[in-house]
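Accompanying notes for the structure given below.
The chains referred to below are lettered A, B, ... by the order of the sequence lines, with proteins before strands, and numbering in each begins at 1. Quick caveat: nothing in here was measured; it's all calculated off a predicted structure.
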Number of protein chains: 2
Amino acid sequence: MSMRLPAPARREQILDVSVQVFARNGFHSTSMNDVADAAGVTKPVLYQHFDSKQDLYLALLEEAGNRLRNTVTKAVASATNGKEQTEFGFKAYFRWVAHDHDAFLLLFGSRANRDEESVSTIRRITAETAHAIAPLIAADIDSDHQRTLAHGLVGLAEGASRHLVERGEAFDPEVLGQQVADMAWAGLRAVHRG
Amino acid sequence: MSMRLPAPARREQILDVSVQVFARNGFHSTSMNDVADAAGVTKPVLYQHFDSKQDLYLALLEEAGNRLRNTVTKAVASATNGKEQTEFGFKAYFRWVAHDHDAFLLLFGSRANRDEESVSTIRRITAETAHAIAPLIAADIDSDHQRTLAHGLVGLAEGASRHLVERGEAFDPEVLGQQVADMAWAGLRAVHRG
DNA sequence: TCATAGAGTTACCAAAGGGTAACCAGTCGC
DNA sequence: GCGACTGGTTACCCTTTGGTAACTCTATGA
């Protein structure tokens, strides 16, 4: 059935296919046989490219996380002031969600996996995002609260996205990004006055 | 070792103990033997009170969800205007997180379970919360966007809480609630002008 | 054309864990 | 004291599934 592929191509194909399968069915409800079937191949082939199910899964998380981080940091870097940073940041985030949306589900969907290692990977990604946002929050509150609020803002984008993605609703990332950014920016300024 | 207990008491005890175990280790990493051990009892006893692992888990989710909803709706009902509703609502939420914090982890922690059924239960709870918040958002944007933003606000509280609870940091729900409410309220008003 | 390397398969193992059948024991009413 | 009710236990089954050993097939280059 499936063509023979050179090793690197096969590896890529497995990664591509796995994102979809894991995103749709969750980690524990997806067996390696399921992945293999979806890739049009048998189980041992998977183990020629990845040491274990965990290993494969973590590779997927890592890749997805990188794409997210790159998109957002690039967008924020191109802005010239706080308000613009907020706007560009959220728009980039939602653009990523709309576009790479299996990856979003993998990282933040309700069915994402939750082992020790995956959790810490996902936490790291979230923390990095929060870290990038933190400076936007007024410096006149202590840094612990600053970080907590930053995590809140990440949750804001995440919550809105999950709502949309999980019910398969199409949405315009520019419009949504603008609205959320307006909301967040006004909120950020309110905390200033604390 | 463990005293004999009348059935309803045993059931309660199992529920109490299960919340902790599941919250700490996640659904899939917790076997029924683990639960039984923690309850000081053996496996078949669990099956005298619950049909299956799923069944037990769903009962826990349901209870936790009810406690959350009751706390928040009561608090919001006692307010007299939008700003106060926001404030009371968030404070009640964070008070619940601080107090019933295994339940929070169970519902929204990184290690929460994700089967078909659990997901839909958790989604229902989230949606109910969002539904309660939605009216606070200006009526001059369409109701789809309204609901999306409401889910965003739920995510805001969730994200901040998860950050705190998962690293075991103590926090003052009143202070945090006030800050987040300030932020959210300012944000909500900004969307008005949108 | 034939040897070789690497892609892929079949058939299997072993552990984990949900769930149950059959049995035991303490206590309460008579 | 005695039967029976109910809380509890031991010992087991059986499916699922991650992981692997040993084999086969196909293409390529000398």
Side-chain angles (χ1 to χ4, degrees), chain A residues 1-19 21-22 24-61 106 111-119, chain B residues 1-61 106 111-119:
Chain A
M1 184 82 214
S2 75
M3 302 272 294
R4 280 186 116 182
L5 287 179
R10 180 62 78 192
R11 189 190 150 93
E12 278 313 302
Q13 186 234 1
I14 290 172
L15 285 170
D16 280 358
V17 162
S18 311
V19 180
V21 180
F22 280 124
R24 261 188 258 292
N25 304 117
F27 181 81
H28 286 286
S29 314
T30 303
S31 71
M32 286 302 258
N33 272 321
D34 292 339
V35 176
D37 284 355
V41 106
T42 56
K43 211 168 31 162
V45 173
L46 303 181
Y47 288 94
Q48 282 164 9
H49 297 279
F50 302 95
D51 285 349
S52 66
K53 192 183 178 185
Q54 267 298 318
D55 186 46
L56 167 57
Y57 193 76
L58 290 175
L60 293 175
L61 292 184
L106 201 74
R111 315 217 43 185
N113 180 44
R114 310 310 196 179
D115 312 45
E116 212 65 39
E117 264 181 298
S118 317
V119 166
Chain B
M1 183 81 212
S2 75
M3 303 270 296
R4 279 186 122 195
L5 287 180
R10 179 62 77 194
R11 191 191 148 93
E12 278 313 301
Q13 187 233 2
I14 290 171
L15 285 169
D16 281 359
V17 161
S18 310
V19 179
Q20 295 172 34
V21 180
F22 280 124
R24 261 189 257 293
N25 306 115
F27 182 81
H28 285 285
S29 314
T30 303
S31 72
M32 285 302 256
N33 273 322
D34 292 339
V35 175
D37 285 355
V41 108
T42 56
K43 212 170 29 164
V45 173
L46 302 181
Y47 287 94
Q48 282 164 10
H49 297 279
F50 303 94
D51 286 349
S52 66
K53 191 183 180 185
Q54 267 298 317
D55 187 44
L56 167 57
Y57 193 77
L58 289 176
L60 294 175
L61 291 184
L106 201 73
R111 315 215 43 183
N113 180 44
R114 311 307 196 181
D115 314 45
E116 212 64 40
E117 264 182 297
S118 317
V119 166

Checklist outcome for this item: From NE2 of A:His49 across to P of C:dG8 the rounded distance in Å is 7 Å
Checklist outcome for this item: When rounded to whole Å, the CZ to P distance for the pair B:Phe50 and D:dG7 reads 14 Å
Checklist entry - What's the NZ-C1' distance between B:Lys53 and C:dA16, to the nearest Å? => result 11 Å
Checklist entry - From D:dG8, D:dG18, C:dT10, pick the nucleotide closest to the side chain of A:Pro44? => result C:dT10
Checklist entry - Separation of B:Leu5 atom CG from C:dT27 atom P, in whole Å? => result 12 Å
Checklist entry - Could one point to a donor on the side chain of B:Gln48 or the base of D:dG8 with an acceptor on the other under 3.5 Å away? => result yes
Item to check | B:Asp37 side-chain N/O to B:Asp34 backbone N/O, donor-acceptor pair under 3.5 Å | outcome: no
Checklist entry - Can you tell me how far P of D:dG19 sits from CG of A:Asp51, to the nearest Å? => result 9 Å
Next on the checklist: Suppose we call a contact any N or O donor and acceptor under 3.5 Å apart; does that hold for the side chain of A:Lys43 and the base of D:dG18?
Outcome noted: yes
Checklist outcome for this item: Per atom distances to the B:Tyr47 side chain, the nearest of C:dT20, D:dG19, C:dG8 is C:dT20
Item to check | B:Ala7 or A:Ser52, whichever maps to the more 5' nucleotide of DNA chain D | outcome: B:Ala7
Checklist outcome for this item: Minimal heavy-atom distance between B:Ser18 and B:Leu60, with the atoms involved, is CB-CD1, 3.6 Å
Next on the checklist: Regarding B:Ser31, tell me which of base, sugar-phosphate or nothing describes its non-hydrogen contacts under 4.0 Å with the strands shown.
Outcome noted: sugar-phosphate
Next on the checklist: Donor-acceptor pair, distance only, cut-off 3.5 Å: does the side chain of A:Glu117 make one with the backbone of A:Leu58?
Outcome noted: no
Checklist outcome for this item: Comparing nearest nucleotides in DNA chain C, the 5'-proximal residue of the pair B:Asn33, A:Val45 is A:Val45
Checklist entry - Over how many whole Å does the gap from A:His28 atom NE2 to D:dT16 atom C1' extend? => result 14 Å
Checklist entry - Is any N or O donor-acceptor pair between the side chain of A:Arg4 and the base of C:dG8 shorter than 3.5 Å? => result no
Checklist outcome for this item: Output for pair (A:Phe22 CZ, A:Lys53 NZ), nearest 0.5 Å, gives 5.5 Å
Checklist entry - Which nucleotide sits closest to the side chain of B:Thr42: D:dT10, C:dT9, D:dG18? => result D:dT10
Checklist entry - Any sub-3.5 Å donor-acceptor pair from B:Asp16's side-chain atoms to B:Gln13's backbone N or O? => result no
Next on the checklist: Just N and O in the side chain of B:Arg10: are any of them under 4.0 Å from OP1 or OP2 of D:dG8?
Outcome noted: yes
Checklist outcome for this item: Whole-Å distance, A:Gln54 CD to D:dG19 P, equals 9 Å
Checklist entry - How many Å lie between CG on B:Asp37 and P on D:dT9, as a whole number? => result 10 Å
